[in-house]
Number of protein chains: 2
Amino acid sequence: MIERTHLSIIREVSRLGTLTEAANALFLTQSALSHAIKKLESQLGIKVWSKEGRNLRLTQAGEHILSVANRTLPQLEHTEHLIEQIAKGKRGSLRIGMECHPCYQWLLTVVSPYLEQWPDVDLDVKQRFQFGGLGALFSHDIDALVTPDPLFKKGLTYLPVFDYELVLVTHEDHILADKPFIVPQDLNNEILITYPVETERLDIFSQFLAPQQCSPYKHKTIETTDIMLQMVASKRGVSALPAWLVEQYSKTLPIKAIKLGKKGIAKQIFIGLRESDVTIEYIQSFIDIASKHSTTQ
Amino acid sequence: MIERTHLSIIREVSRLGTLTEAANALFLTQSALSHAIKKLESQLGIKVWSKEGRNLRLTQAGEHILSVANRTLPQLEHTEHLIEQIAKGKRGSLRIGMECHPCYQWLLTVVSPYLEQWPDVDLDVKQRFQFGGLGALFSHDIDALVTPDPLFKKGLTYLPVFDYELVLVTHEDHILADKPFIVPQDLNNEILITYPVETERLDIFSQFLAPQQCSPYKHKTIETTDIMLQMVASKRGVSALPAWLVEQYSKTLPIKAIKLGKKGIAKQIFIGLRESDVTIEYIQSFIDIASKHSTTQ
DNA sequence: ATGGTGTATGAGTTTAATTCATAGAATTCT
DNA sequence: AGAATTCTATGAATTAAACTCATACACCAT
């Protein structure tokens with residue numbers, strides 16, 4: 001069996017020329033190298049070197065071993081270096097799953113300071129999961145899940161990262177725009193625009209309309225927040241989004257936010273993690289930075 | 001230090017699923033593997049596996065080690081095999097990569113006299129490469145590359161082995177069958193059958209149709225030459241193949257070869273080698289035999 | 001010859017790897 | 001729920017290997 005030491009020895013000897021020097025470079029005695037190679041030779045049934053006077057010349061077999069040494073040793077050294085970084089907590093991969101459409105805007109504000117602080121962390125954001133965000137966490141397809149529903153399961157933890165109020169968005173000239181708040185019946189004649197997910201996962205349905213058995217005149221779905229708000233701004237419908245997001249867009253678009261019900265709808269966003277990961281430094285740091293970028297942002 | 005045993009252990013465990021089975025495969029006890037990995041983990045300061053119930057799941061660090069194992073162990077095993085052959089006084093192994101579909105038929109005619117002359121050379125033919133034929137040559141996954149594109153790189157040499165003419169193949173009753181040669185426009189209403197590779201790598205496209213901005217009525221792809229010619233023989237389309245190949249098949253199938261353009265399309269096939277290998281006797285001999293089996297065959 | 005420099009080798013020592021026996025953990029069976 | 005099964009983990013004892021030391025031997029230059 002060709003072992004790593006054999007590769008190192010052959011590489012060093014052909015780099016430095018003599019066994020003695022190679023032995024020094026490897027912090028071993030000349031005797032050790034001699035014995036090691038001798039044993040290898042007897043195992044493989046070949047000679048590694050032939051002696052030409054007092055220099056060693058690699059045989060054909062020796063050349064093959066040197067060649068494999070030059071190809072594989074650097075790879076081993078590279079992974080050892082990589083793993084050292086992982087051990088120090090400096091490197092790793094953080095794949096974030098998003099189960100909350102509007103949170104994408106918020107995530108972007110978290111990501112840039114994070115990447116600055118952790119340049120060696122591989123960050124990735126995923127938005128579609130074959131077996132739901134929870135399944136993705138369990139099957140290690142993602143490492144963190146941004147979600148409004150903290151479905152507690154053994155082996156997972158959730159940490160709240162920010163609170164916001166869900167509001168109705170209308171054009172600023174809309175009939176409802178001047179009300180201090182709206183009631184479910186107010187939407188009976190409106191076109192409601194939402195993200196394309198099941199209605200059970202849309203709070204405007206599950207927490208506002210459904211309890212009063214109301215439904216909008218029409219329900220349209222749109223993938224992206226930008227287009228959604230463009231539609232609202234061109235009076236093609238109303239939507240329900242986080243208040244902070246509406247406030248941000250209202251600087252450039254003629255839109256307005258209205259409370260949903262007298263008390264409004266309060267939402268909380270969590271980050272779910274596998275319990276075994278919470279101690280990892282670069283993951284903790286992500287939670288920290290995420291928490292700091294809460295509503296006020 | 002990551003040793004070869006660690007690589008083997010991690011590879012076998014991820015192949016077989018359990019430490020116990022891996023231990024059997026490696027002719028060691030389960031305890032030995034457990035101790036070995038434990039020691040590695042303490043040296044590197046990381047975990048290789050995390051236990052999920054009773055299964056082991058590789059950590060990120062573990063994945064890196066597995067990846068380096070899959071890259072380096074086969075190389076070590078191959079050189080050991082090579083050296084074993086050298087020790088026995090036999091020659092070695094010749095792994096040929098093919099980047100040229102129809103050349104397979106030609107290769108078969110080369111292989112049999114070669115094997116007769118070199119009974120102890122282990123011959124292997126590979127047709128799929130993760131990083132292209134060139135990458136396979138450099139990473140020692142193959143020893144020789146049969147290709148129409150001699151992409152010169154430092155450390156490689158190419159030797160031309162045979163020339164042939166690329167021709168159109170049609171049914172012998174086809175409308176085009178009586179022409180002395182065809183022009184690109186003649187294919188506008190034809191179904192063209194080719195091997196399933198990128199059109200840039202198909203000479204009928206890159207050297208014949210594309211310069212005149214022509215394209216066939218339809219483009220179908222088929223893996224094997226036999227089936228391809230069966231299709232042509234049953235009037236389901238036309239194809240482009242080496243003249244010598246068509247000539248051979250035309251003895252048994254109602255097909256005919258037609259020149260592509262007035263001058264025809266001349267092709268040249270090369271064998272690429274690592275420069276360090278060109279002096280090896282059994283490789284030189286392969287080139288010799290290959291060159292002798294050129295067009296006339 | 002002689003000193004200098006390098007390799008080879010046997011014997012003894014140190015270190016590492018392996019096994020054995022057994023405990024613990026998770027899963028399946030009844 | 002408890003028993004049987006099937007893995008992994010671990011400490012202690014054993015076995016094997018790697019390494020050093022001391023020294024012999026080979027080559028070359030002067």
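Order of the sequence lines fixes the chain letters, A, B, ..., with proteins taken first and strands second; residue numbering starts at 1 for each chain.
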The nucleotide from C:dC20, D:dA9, D:dC21 with an atom nearest the side chain of B:Gln30 is D:dA9
Could you tell me how far apart B:Leu19 (CG) and C:dG24 (C1') are, to the nearest whole angstrom? 15 Å
Expressed as a whole number of angstroms, how long is the span from B:Leu26:CG to C:dT18:C1'? 13 Å
Short side-chain donor-acceptor distance under 3.5 Å, A:Trp49 and A:Thr59: no
Pick one: which of A:Asp141, A:Asp143, A:Asp124 meets side-chain hydrogen bond (donor to acceptor under 3.5 Å, both in side chains) with A:Arg95? A:Asp143
Flag for A:Ser8-A:Arg4: side-chain donor and acceptor within less than 3.5 Å: no
With the side chain defined as heavy atoms from C-beta on, A:Thr20 is closest, among C:dG6, D:dC19, D:dT8, to C:dG6
Name the residue closer to the 5' end of DNA chain D, choosing between A:Leu28 and B:Glu21 according to the nucleotide with the nearest heavy atom. B:Glu21
Closest of C:dT9, D:dC7, C:dT19 to the A:Ser31 side chain is C:dT9
A:Glu3 CD to C:dA16 P: how many Å, rounded? 15 Å
Should A:His35 be counted as stacked on C:dT9, where stacking needs a ring-centre gap under 5.5 Å and an angle between planes under 30 degrees? yes
Reckon A:Lys38 has a side-chain N or O less than 4.0 Å from the OP1 or OP2 of C:dT9? yes
Which residue, B:Ser34 or A:Leu33, contacts DNA chain D at a nucleotide closer to its 5' end, judged by nearest heavy atom? B:Ser34
In whole angstrom, what separates B:Asn55's CG from C:dA25's P? 17 Å
Nearest-Å distance for atom pair CH2/C1', residues A:Trp49 and C:dT7: 11 Å
note: B:Ile10, atom CD1; D:dT8, atom P; distance rounded to Å ~ 14 Å
Do any side-chain nitrogens or oxygens of B:Lys39 fall under 4.0 Å of OP1 or OP2 in C:dA17? yes
Rounded interatomic separation in angstrom, taking CG from A:Asn24 and P from C:dT5: 14 Å
Return the nearest nucleotide to the side chain of B:Thr18; candidates are D:dT8, C:dG10, C:dG6. D:dT8
Taking C:dT19, D:dT20, C:dT7 as options, the one with an atom nearest any side-chain atom of A:Leu56 is C:dT7
What's the CE-C1' distance between B:Met1 and C:dT15, to the nearest Å? 16 Å
How close do A:Gly133 and A:Ile142 get, counting heavy atoms only, and between which atoms? O-CD1, 3.9 Å
Less than 4.0 Å between a side-chain N and a carboxylate O, is that true for A:Glu12 and A:Arg15? yes
